[in-house]
Amino acid sequence: MNRGHSGVPRATVVAIGLLAGVPASSSAAVRYVKWDATGANNGTSWANAYTSLQTGLTAAVSGDEIWVAAGTYKPAGVNGPRTATFQLKTGVGVYGGFTGTETSRNQRNSDPATNGTTLSGDLKGNDQPNFVGMTENSYHVVTASSTTATAILDGSTIRGGNANGLGFNSAGGGLYVSLGSTRITNCRFTGNLAFFGGGLFIDTGAPPLTNCAFDSNTAVNGGGAVYLYNSTAPPFSGCMFIANTARYGAGLEADNSTPLLTGCTIISNTASVAGGGMDSFNG
(Lines give C-alpha, C1' and ligand atoms only; values in the text may rest on other atoms or scores of the structure.)
Protein backbone atom coordinates (compact mmCIF):
# COMPACT_ATOMS: atom_id res chain seq x y z
CA MET A 1 0.00 0.00 0.00
CA ASN A 2 1.29 3.45 -0.86
CA ARG A 3 2.12 5.35 2.29
CA GLY A 4 1.56 8.84 0.99
CA HIS A 5 -1.44 10.65 -0.29
CA SER A 6 -1.40 10.38 -4.07
CA GLY A 7 -3.17 13.68 -4.56
CA VAL A 8 -6.92 14.11 -4.35
CA PRO A 9 -8.33 15.85 -7.45
CA ARG A 10 -9.59 19.17 -6.13
CA ALA A 11 -11.67 20.13 -9.17
CA THR A 12 -14.85 18.58 -7.79
CA VAL A 13 -14.64 20.00 -4.29
CA VAL A 14 -13.53 23.45 -5.47
CA ALA A 15 -16.44 23.56 -7.90
CA ILE A 16 -18.81 22.76 -5.04
CA GLY A 17 -17.26 25.56 -2.99
CA LEU A 18 -17.64 28.10 -5.78
CA LEU A 19 -21.26 27.18 -6.24
CA ALA A 20 -21.75 27.60 -2.49
CA GLY A 21 -20.34 31.14 -2.49
CA VAL A 22 -23.05 33.70 -1.88
CA PRO A 23 -22.66 37.49 -2.05
CA ALA A 24 -23.22 39.55 1.07
CA SER A 25 -26.77 40.65 1.68
CA SER A 26 -28.36 43.46 3.65
CA SER A 27 -30.83 40.87 4.96
CA ALA A 28 -28.18 38.99 6.96
CA ALA A 29 -29.80 37.43 10.01
CA VAL A 30 -29.88 34.58 12.48
CA ARG A 31 -31.37 31.44 10.97
CA TYR A 32 -32.69 28.92 13.47
CA VAL A 33 -32.49 25.12 13.14
CA LYS A 34 -34.27 22.74 15.50
CA TRP A 35 -35.04 19.18 14.46
CA ASP A 36 -38.40 18.97 16.29
CA ALA A 37 -39.76 22.46 15.56
CA THR A 38 -43.41 22.41 14.51
CA GLY A 39 -43.91 25.92 13.14
CA ALA A 40 -43.58 27.39 9.66
CA ASN A 41 -40.17 25.78 8.95
CA ASN A 42 -38.78 29.06 7.64
CA GLY A 43 -35.89 29.56 10.09
CA THR A 44 -37.06 32.93 11.39
CA SER A 45 -37.37 31.95 15.07
CA TRP A 46 -37.07 28.93 17.34
CA ALA A 47 -40.80 28.30 16.99
CA ASN A 48 -40.53 28.44 13.19
CA ALA A 49 -37.06 26.90 12.92
CA TYR A 50 -35.90 24.85 9.99
CA THR A 51 -35.98 21.19 10.94
CA SER A 52 -33.06 20.49 8.56
CA LEU A 53 -29.59 22.04 8.82
CA GLN A 54 -29.17 21.43 5.09
CA THR A 55 -32.15 23.71 4.43
CA GLY A 56 -30.62 26.37 6.64
CA LEU A 57 -27.28 26.23 4.84
CA THR A 58 -28.95 26.46 1.46
CA ALA A 59 -30.88 29.56 2.51
CA ALA A 60 -28.00 31.29 4.33
CA VAL A 61 -26.21 34.28 2.81
CA SER A 62 -22.95 35.94 3.79
CA GLY A 63 -23.26 37.56 7.20
CA ASP A 64 -25.81 35.07 8.51
CA GLU A 65 -25.43 32.95 11.61
CA ILE A 66 -27.10 29.54 11.84
CA TRP A 67 -28.05 28.55 15.39
CA VAL A 68 -28.49 24.79 15.73
CA ALA A 69 -30.35 23.25 18.67
CA ALA A 70 -29.39 19.97 20.30
CA GLY A 71 -30.25 16.98 18.12
CA THR A 72 -28.82 14.90 15.30
CA TYR A 73 -28.69 16.37 11.80
CA LYS A 74 -27.83 14.50 8.61
CA PRO A 75 -26.99 15.95 5.18
CA ALA A 76 -29.59 13.71 3.48
CA GLY A 77 -32.41 11.31 4.27
CA VAL A 78 -32.37 7.54 4.59
CA ASN A 79 -32.07 6.96 0.83
CA GLY A 80 -29.90 9.99 0.13
CA PRO A 81 -26.66 9.83 -1.88
CA ARG A 82 -23.36 9.21 -0.12
CA THR A 83 -22.07 12.41 -1.70
CA ALA A 84 -24.47 14.41 0.48
CA THR A 85 -22.53 16.74 2.78
CA PHE A 86 -22.95 19.90 4.85
CA GLN A 87 -21.07 22.40 2.66
CA LEU A 88 -19.90 25.40 4.67
CA LYS A 89 -20.08 28.90 3.16
CA THR A 90 -17.82 31.92 3.35
CA GLY A 91 -19.41 34.50 5.61
CA VAL A 92 -21.73 32.03 7.36
CA GLY A 93 -21.20 30.77 10.91
CA VAL A 94 -22.75 27.47 12.04
CA TYR A 95 -23.09 27.34 15.83
CA GLY A 96 -24.30 24.33 17.78
CA GLY A 97 -25.20 23.91 21.43
CA PHE A 98 -28.55 25.67 21.74
CA THR A 99 -31.55 24.36 23.64
CA GLY A 100 -34.03 26.31 21.54
CA THR A 101 -34.87 29.20 23.85
CA GLU A 102 -31.78 31.43 23.62
CA THR A 103 -31.87 35.02 22.45
CA SER A 104 -28.08 35.57 22.26
CA ARG A 105 -25.25 33.30 21.14
CA ASN A 106 -23.37 33.55 24.45
CA GLN A 107 -26.27 31.79 26.19
CA ARG A 108 -25.57 28.48 24.42
CA ASN A 109 -23.45 25.56 25.63
CA SER A 110 -20.47 25.46 23.23
CA ASP A 111 -19.01 22.21 24.63
CA PRO A 112 -19.78 19.41 22.14
CA ALA A 113 -19.24 16.78 24.83
CA THR A 114 -22.38 17.95 26.61
CA ASN A 115 -24.43 20.14 24.27
CA GLY A 116 -26.05 17.38 22.19
CA THR A 117 -25.63 18.94 18.72
CA THR A 118 -24.42 16.22 16.33
CA LEU A 119 -23.76 16.29 12.59
CA SER A 120 -23.89 12.70 11.39
CA GLY A 121 -23.15 10.88 8.16
CA ASP A 122 -25.16 7.84 9.28
CA LEU A 123 -27.94 8.28 6.72
CA LYS A 124 -29.77 5.06 7.58
CA GLY A 125 -29.25 5.28 11.33
CA ASN A 126 -27.74 1.79 11.52
CA ASP A 127 -24.15 2.40 12.64
CA GLN A 128 -22.70 -0.08 15.13
CA PRO A 129 -19.44 -0.13 17.11
CA ASN A 130 -16.18 -0.79 15.24
CA PHE A 131 -17.49 0.93 12.09
CA VAL A 132 -20.07 -1.76 11.35
CA GLY A 133 -23.08 -0.65 9.28
CA MET A 134 -21.35 2.32 7.65
CA THR A 135 -21.42 1.22 4.00
CA GLU A 136 -24.11 3.76 3.08
CA ASN A 137 -22.76 6.65 5.16
CA SER A 138 -21.80 10.00 3.65
CA TYR A 139 -18.26 10.18 2.33
CA HIS A 140 -17.83 13.50 4.17
CA VAL A 141 -20.16 14.76 6.88
CA VAL A 142 -18.94 18.33 6.33
CA THR A 143 -16.93 19.99 3.54
CA ALA A 144 -15.35 23.43 3.22
CA SER A 145 -14.01 24.46 -0.18
CA SER A 146 -12.19 27.73 -0.95
CA THR A 147 -13.74 29.31 2.14
CA THR A 148 -12.21 32.11 4.18
CA ALA A 149 -11.96 32.45 7.96
CA THR A 150 -15.46 33.94 7.92
CA ALA A 151 -16.80 30.41 7.40
CA ILE A 152 -17.21 29.05 10.93
CA LEU A 153 -18.08 25.66 12.41
CA ASP A 154 -18.44 25.91 16.18
CA GLY A 155 -19.85 23.69 18.90
CA SER A 156 -20.80 20.41 17.22
CA THR A 157 -19.90 16.73 17.21
CA ILE A 158 -19.07 15.36 13.76
CA ARG A 159 -19.40 11.61 13.42
CA GLY A 160 -20.23 8.77 11.05
CA GLY A 161 -18.35 9.90 7.93
CA ASN A 162 -16.98 7.07 5.76
CA ALA A 163 -14.58 8.24 3.03
CA ASN A 164 -13.91 4.83 1.53
CA GLY A 165 -14.35 5.85 -2.12
CA LEU A 166 -11.90 7.06 -4.76
CA GLY A 167 -10.07 10.37 -5.14
CA PHE A 168 -11.81 13.13 -3.21
CA ASN A 169 -14.09 10.54 -1.61
CA SER A 170 -11.18 8.65 -0.05
CA ALA A 171 -10.26 11.41 2.41
CA GLY A 172 -11.78 13.35 5.29
CA GLY A 173 -14.65 11.27 6.63
CA GLY A 174 -15.63 13.87 9.20
CA LEU A 175 -14.56 17.06 7.43
CA TYR A 176 -12.76 17.76 4.15
CA VAL A 177 -11.17 21.21 3.82
CA SER A 178 -9.76 22.30 0.46
CA LEU A 179 -7.99 25.59 -0.30
CA GLY A 180 -9.49 27.40 2.62
CA SER A 181 -9.13 28.75 6.13
CA THR A 182 -12.47 27.85 7.72
CA ARG A 183 -12.44 28.42 11.48
CA ILE A 184 -13.22 25.23 13.40
CA THR A 185 -13.81 25.73 17.12
CA ASN A 186 -15.22 23.63 19.97
CA CYS A 187 -15.86 20.62 17.76
CA ARG A 188 -15.50 16.92 18.43
CA PHE A 189 -14.66 14.45 15.66
CA THR A 190 -15.42 10.87 16.62
CA GLY A 191 -16.24 7.58 14.90
CA ASN A 192 -15.21 8.71 11.41
CA LEU A 193 -13.44 6.49 8.86
CA ALA A 194 -11.37 7.21 5.73
CA PHE A 195 -8.44 6.02 3.70
CA PHE A 196 -6.68 9.31 4.52
CA GLY A 197 -7.70 11.53 7.44
CA GLY A 198 -10.48 9.76 9.29
CA GLY A 199 -11.62 12.80 11.23
CA LEU A 200 -10.26 15.65 9.11
CA PHE A 201 -8.40 16.06 5.82
CA ILE A 202 -6.85 19.42 4.94
CA ASP A 203 -5.79 19.88 1.33
CA THR A 204 -3.66 22.98 0.70
CA GLY A 205 -5.38 25.02 3.36
CA ALA A 206 -4.69 26.43 6.82
CA PRO A 207 -7.90 26.41 8.84
CA PRO A 208 -7.37 27.37 12.49
CA LEU A 209 -8.62 24.69 14.90
CA THR A 210 -9.26 25.70 18.50
CA ASN A 211 -10.41 23.52 21.41
CA CYS A 212 -11.28 20.58 19.17
CA ALA A 213 -11.16 16.90 20.12
CA PHE A 214 -10.40 13.97 17.82
CA ASP A 215 -11.14 10.59 19.32
CA SER A 216 -11.80 7.09 17.99
CA ASN A 217 -11.32 7.93 14.32
CA THR A 218 -9.57 5.57 11.89
CA ALA A 219 -7.65 5.86 8.63
CA VAL A 220 -6.77 2.80 6.59
CA ASN A 221 -3.54 4.50 5.53
CA GLY A 222 -2.50 7.82 7.08
CA GLY A 223 -3.91 10.29 9.59
CA GLY A 224 -6.37 8.51 11.83
CA ALA A 225 -7.52 11.83 13.29
CA VAL A 226 -6.05 14.38 10.87
CA TYR A 227 -4.20 14.28 7.54
CA LEU A 228 -2.46 17.42 6.28
CA TYR A 229 -1.56 17.58 2.61
CA ASN A 230 0.55 20.41 1.22
CA SER A 231 -0.58 22.67 4.06
CA THR A 232 1.56 25.40 5.58
CA ALA A 233 1.19 26.08 9.29
CA PRO A 234 -2.45 25.23 9.99
CA PRO A 235 -2.68 26.12 13.72
CA PHE A 236 -4.04 23.67 16.26
CA SER A 237 -4.63 25.27 19.66
CA GLY A 238 -5.84 23.41 22.73
CA CYS A 239 -6.79 20.32 20.69
CA MET A 240 -6.87 16.70 21.84
CA PHE A 241 -5.96 13.61 19.79
CA ILE A 242 -7.03 10.50 21.69
CA ALA A 243 -7.46 6.81 20.74
CA ASN A 244 -7.25 7.24 16.98
CA THR A 245 -5.80 4.52 14.73
CA ALA A 246 -4.05 4.39 11.37
CA ARG A 247 -1.19 2.75 9.52
CA TYR A 248 0.85 5.97 9.69
CA GLY A 249 0.31 8.98 11.93
CA ALA A 250 -2.62 7.84 14.03
CA GLY A 251 -3.02 11.24 15.66
CA LEU A 252 -1.75 13.42 12.84
CA GLU A 253 -0.07 12.77 9.49
CA ALA A 254 1.80 15.68 7.89
CA ASP A 255 2.50 15.18 4.18
CA ASN A 256 4.61 18.05 2.79
CA SER A 257 3.06 20.13 5.56
CA THR A 258 4.15 22.12 8.61
CA PRO A 259 1.50 22.02 11.34
CA LEU A 260 1.70 24.32 14.34
CA LEU A 261 0.43 22.79 17.59
CA THR A 262 0.05 24.79 20.80
CA GLY A 263 -1.22 23.39 24.08
CA CYS A 264 -2.40 20.13 22.50
CA THR A 265 -2.72 16.64 23.98
CA ILE A 266 -1.76 13.57 21.94
CA ILE A 267 -2.32 10.33 23.82
CA SER A 268 -3.28 6.66 23.35
CA ASN A 269 -3.20 6.72 19.54
CA THR A 270 -2.06 3.59 17.67
CA ALA A 271 -0.26 3.25 14.33
CA SER A 272 0.45 -0.18 12.88
CA VAL A 273 3.63 0.98 11.09
CA ALA A 274 4.89 4.40 12.21
CA GLY A 275 3.88 7.52 14.11
CA GLY A 276 1.48 6.49 16.82
CA GLY A 277 1.05 10.11 17.83
CA MET A 278 2.31 11.96 14.76
CA ASP A 279 4.15 11.23 11.54
CA SER A 280 5.76 13.56 9.01
CA PHE A 281 7.21 12.91 5.57
CA ASN A 282 7.95 14.72 2.29
CA GLY A 283 8.98 17.76 4.26
Side-chain angles (χ1 to χ4, degrees), residues 19-20 22 24-127 136-138 140-144 147 150-161 174-175 182-191:
L19 288 172
V22 178
S25 167
S26 60
S27 62
V30 172
R31 298 182 184 269
Y32 300 83
V33 176
K34 191 171 186 287
W35 69 274
D36 60 349
T38 58
N41 196 31
N42 59 16
T44 58
S45 66
W46 286 122
N48 295 313
Y50 297 119
T51 56
S52 163
L53 174 57
Q54 194 67 279
T55 303
L57 278 166
T58 299
V61 299
S62 183
D64 283 357
E65 292 187 2
I66 300 176
W67 292 7
V68 187
T72 298
Y73 301 88
K74 303 178 183 182
V78 171
N79 297 313
R82 297 190 65 200
T83 52
T85 183
F86 293 119
Q87 171 65 44
L88 302 179
K89 291 180 173 181
T90 291
V92 175
V94 179
Y95 298 91
F98 293 88
T99 63
T101 60
E102 295 85 351
T103 57
S104 68
R105 178 155 39 93
N106 62 12
Q107 293 173 327
R108 71 183 176 126
N109 174 9
S110 63
D111 182 0
T114 58
N115 69 19
T117 299
T118 298
L119 311 185
S120 172
D122 180 15
L123 302 183
K124 288 189 176 180
N126 62 344
D127 284 6
E136 90 296 340
N137 287 30
S138 289
H140 325 279
V141 181
V142 184
T143 50
T147 49
T150 61
I152 299 170
L153 181 64
D154 187 326
S156 294
T157 293
I158 297 92
R159 68 188 314 145
L175 170 61
T182 299
R183 281 190 286 161
I184 307 161
T185 305
N186 303 319
C187 287
R188 179 191 179 200
F189 297 80
T190 184

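Quick note: numbers below take in every heavy atom, side chains included, and nothing from hydrogens, waters or symmetry partners. Keep in mind it's a predicted model, so treat the numbers as computed, not measured.
- The backbone N or O of Gly63 sits nowhere less than 3.5 Å from a side-chain atom of Glu65 that would complete a donor-acceptor pair.
- Across all their heavy atoms, Val61 and Val92 have their closest contact at O-CG2, 3.4 Å.
- Put simply, CG on Leu57 and CZ on Phe86 are 7.0 Å apart, with the number rounded to the nearest 0.5 Å.
- Using a 4.5 Å heavy-atom threshold, the side chains of Tyr73 and Gln54 count as separate.
- Panel note: side chain Asp64, backbone Ala29; a donor-acceptor pair is recorded below 3.5 Å.
- Between Cys187 and Ile158, the closest side-chain pair of non-hydrogen atoms falls below 4.5 Å.
- Listed for the Thr190 side chain is no donor-acceptor partner under 3.5 Å among the backbone atoms of Arg159.
- Annotation: side chain of Thr157 is in contact with side chain of Pro112 (closest heavy-atom distance under 4.5 Å).
- Put simply, the side chain of Asp127 never gets that close to the backbone of Asp122: no donor and acceptor are under 3.5 Å apart.
- The two atoms that bring Ala49 and Lys34 nearest to each other are CB-N, 3.6 Å, heavy atoms only.
- Within 6.0 Å of the CG atom in Asn79, the count of heavy atoms belonging to other residues, nucleotides or ligands does not exceed 12.
- If you take OG on Ser138 and CG on Leu119, they are separated by 11.0 Å, rounding to the nearest 0.5 Å.
- Minimum heavy-atom separation, Ala144 to Leu88: CB-CD1, 4.2 Å.
- Atom NZ of Lys124 is separated from atom NZ of Lys74 by 11.5 Å, given to the nearest 0.5 angstrom.
- Taking every heavy atom of both residues into account, Gly80 and Ala76 meet most closely at CA-CB, 3.8 Å.
- Two rings, from Trp67 and Tyr95, have their centers 6.0 Å or more apart.
- Note that OG1 of Thr44 is 10.0 Å distant from CZ of Arg31, once rounded to the nearest 0.5 Å.
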**Prompt:** Is there a side-chain contact (heavy atoms from CB on, under 4.5 Å) between Ile66 and Val33 once you walk through the steps?
**Reply:** CA-CA 7 Å; Ile66 300 176; Val33 176; 3.7 Å; yes

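- No side-chain donor from either of Thr72 and Ser120 sits under 3.5 Å from a side-chain acceptor of the other.
- Side-chain contact between Trp35 and Thr51: absent, with no pair of heavy atoms (C-beta onward) separated by less than 4.5 Å.
- Between the side chains of Thr99 and Thr101, at least one donor N or O lies within less than 3.5 Å of an accepting N or O.
- In this structure, Val68 and Ser156 have side chains that are not in contact, with every pair of non-hydrogen atoms separated by 4.5 Å or more.
- With values rounded to the nearest 0.5 angstrom, Arg183 atom CZ is found 11.5 Å from Leu153 atom CG.
- Distance CG/Asn42 to OH/Tyr32: 11.5 Å, rounded to 0.5 Å.
- Closest approach of His140 to Thr85, counting heavy atoms only: O-OG1, 3.0 Å.
- The shortest heavy-atom contact between Tyr50 and Ala59 is OH-CB, 3.4 Å.
- A salt bridge between Arg108 and Asp154 is present, with a side-chain N of the basic residue lying under 4.0 Å from a carboxylate O of the acidic one.
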